[in-house]
Amino acid sequence: MSESDQYAVLGNPVAHSRSPRIHALFALQCEQSMQYRAICVEPGMFPAVVRDFMQRQGKGVNVTVPFKQEAFELADVLTERAQRAGAVNTLLWSNDGRLLGDNTDGTGLLRDLQRLQIALKNRRILLLGAGGAARGILSPLLQAEPTSLTVVNRNIDKAHQLQQEMADLGELQVATYEGVQGAFDLIINATSASLHGIMPALPEGLLASGAAAYDLMYADRPTAFMQWATDQGCTLRSDGLGMLVEQAAESFYLWRHCRPATAPVLEQLRREVAATTDST
Ligand code: ATR
């Protein structure tokens, strides 16, 4: 009996990852015979675990915190969007048998913003954070032709570094949390602070009328950023669960050449999250 194709998400910690559930729902919907599990990788073991998994019956892996950079270094060949992001969240075999690294995070964000009908073109965007999560989405955001894209970060040098790296794609404004000025149509949180209940202090009045707020992070309860957006009177706001589903769909497509419908999967996940949150 032949075993079904194997996939996994590699991270640490990874036990609470929703990726196995998302891919199980995709596989059911697309009638794909495959298995997808979460593997917790010890520090220093990432290359060995990937090689072992991929050399057995592994067809592909997703990579999450803290291994996206290591996956970038491990890949034999990189897609352009992975090169831009400086990080890899999806690995698969290329046609010529090399390990291909891709990054589906930016595409995932753009698809989710589209679903929410949040426009980027000719909009003033403020991005909080200049770490790996921010880097992964900057190039698709710039390519969407916003009026302006401003990055604020606690460590301003990291923001300036991104400004230089992206210069060929468009102009990035850089500001400090205290010094950022103006009104924005969309504020995106890419800091990890929000997950720890911290929202860096921002001046009042940064949200233009009708502005949207989007948190790349996702938690079972509203993040500090979601709470801040609510307190600012922002009604169009979303956490990153939709992006998680969309980036997964893009990985699934790379692996299985079949594009799952994401809306029913997102609805299902929201119901499951609500059920666990209600009972805890
Ligand atoms: P990730 O890959 O998740 O982006 P990272 O590269 O460590 O992780 O980046 C985390 C981001 O959250 C950074 O922008 C970081 O700001 P600094 O570069 O100034 O450290 C931001 N961040 C984390 N904790 C923060 C806090 N308490 N206040 C403000 N920003 C914070």
Side-chain angles (χ1 to χ4, degrees), residues 9-14 16-19 41 43 46 62-75 78 81-91 101-109 112 125-142 149-166 172-180 184 186-203 206 213-219 222-229 231-232 239-241 243-244 246-248 251:
V9 55
L10 309 187
N12 189 348
V14 80
H16 293 98
S17 168
R18 297 196 179 272
S19 294
V41 178
F46 182 78
N62 280 138
V63 183
T64 187
V65 177
F67 299 116
K68 289 185 184 183
Q69 190 103 34
E70 273 192 71
F72 178 85
E73 281 149 26
L74 187 68
L78 295 162
R81 55 190 183 177
Q83 270 170 27
R84 274 284 173 195
V88 157
N89 79 338
T90 307
L91 286 165
D102 199 354
N103 192 313
T104 64
D105 286 334
T107 302
L109 173 66
D112 200 40
I125 304 174
L126 179 63
L127 179 62
L128 312 183
R135 180 185 293 271
I137 59 165
L138 268 176
S139 109
L141 285 179
L142 279 170
L149 179 48
T150 305
V151 177
V152 296
N153 201 47
R154 199 171 45 173
N155 175 347
I156 201 78
D157 292 344
K158 275 163 76 177
H160 279 123
Q161 171 79 28
L162 288 181
Q163 186 182 43
Q164 279 176 15
E165 281 177 37
M166 301 288 159
L172 276 188
Q173 317 288 331
V174 168
T176 60
Y177 281 101
E178 316 79 55
V180 59
F184 296 90
L186 171 61
I187 304 192
I188 299 174
N189 174 51
T191 74
S192 51
S194 180
L195 276 182
H196 306 298
I198 299 166
M199 177 61 201
L202 281 166
L206 290 178
Y214 192 97
D215 199 340
L216 298 190
M217 307 300 149
Y218 167 75
T223 60
F225 175 73
M226 284 287 97
Q227 200 53 57
W228 172 84
D231 296 344
Q232 295 289 313
D239 65 20
L241 189 62
M243 173 177 166
L244 185 72
E246 294 295 347
Q247 62 79 29
S251 298

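For ligands, and for the atoms within them, numbers begin at 1 and follow the listed sequence. Residues take their numbers from the sequence shown, with the count starting at 1.
Q161 is not listed as a side-chain neighbour of N155, based on a closest heavy-atom distance of 4.5 Å or more. In this structure the side chain of L241 reaches within 4.5 angstrom of the side chain of R18, judged on heavy atoms. Using a 4.5 Å heavy-atom threshold, the side chains of D239 and P222 count as separate.
Using a 4.0 Å heavy-atom criterion, the residues that approach ligand 1 are G129, A130, G131, G132, A133, N153, R154, N155, K158, T191, S192, A193, I198, P200.
Side-chain polar atoms of S251 and N62 form a donor-acceptor pair below 3.5 angstrom.
When each of Q247, E246, R81 is checked for a side chain to side chain donor-acceptor pair (under 3.5 Å) with T107, only R81 meets the rule.
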Evaluate M166 against R84 for side chain to side chain contact (heavy atoms under 4.5 Å, CB included), listing each step before the verdict. CA-CA 8 Å; M166 301 288 159; R84 274 284 173 195; 4.3 Å; yes
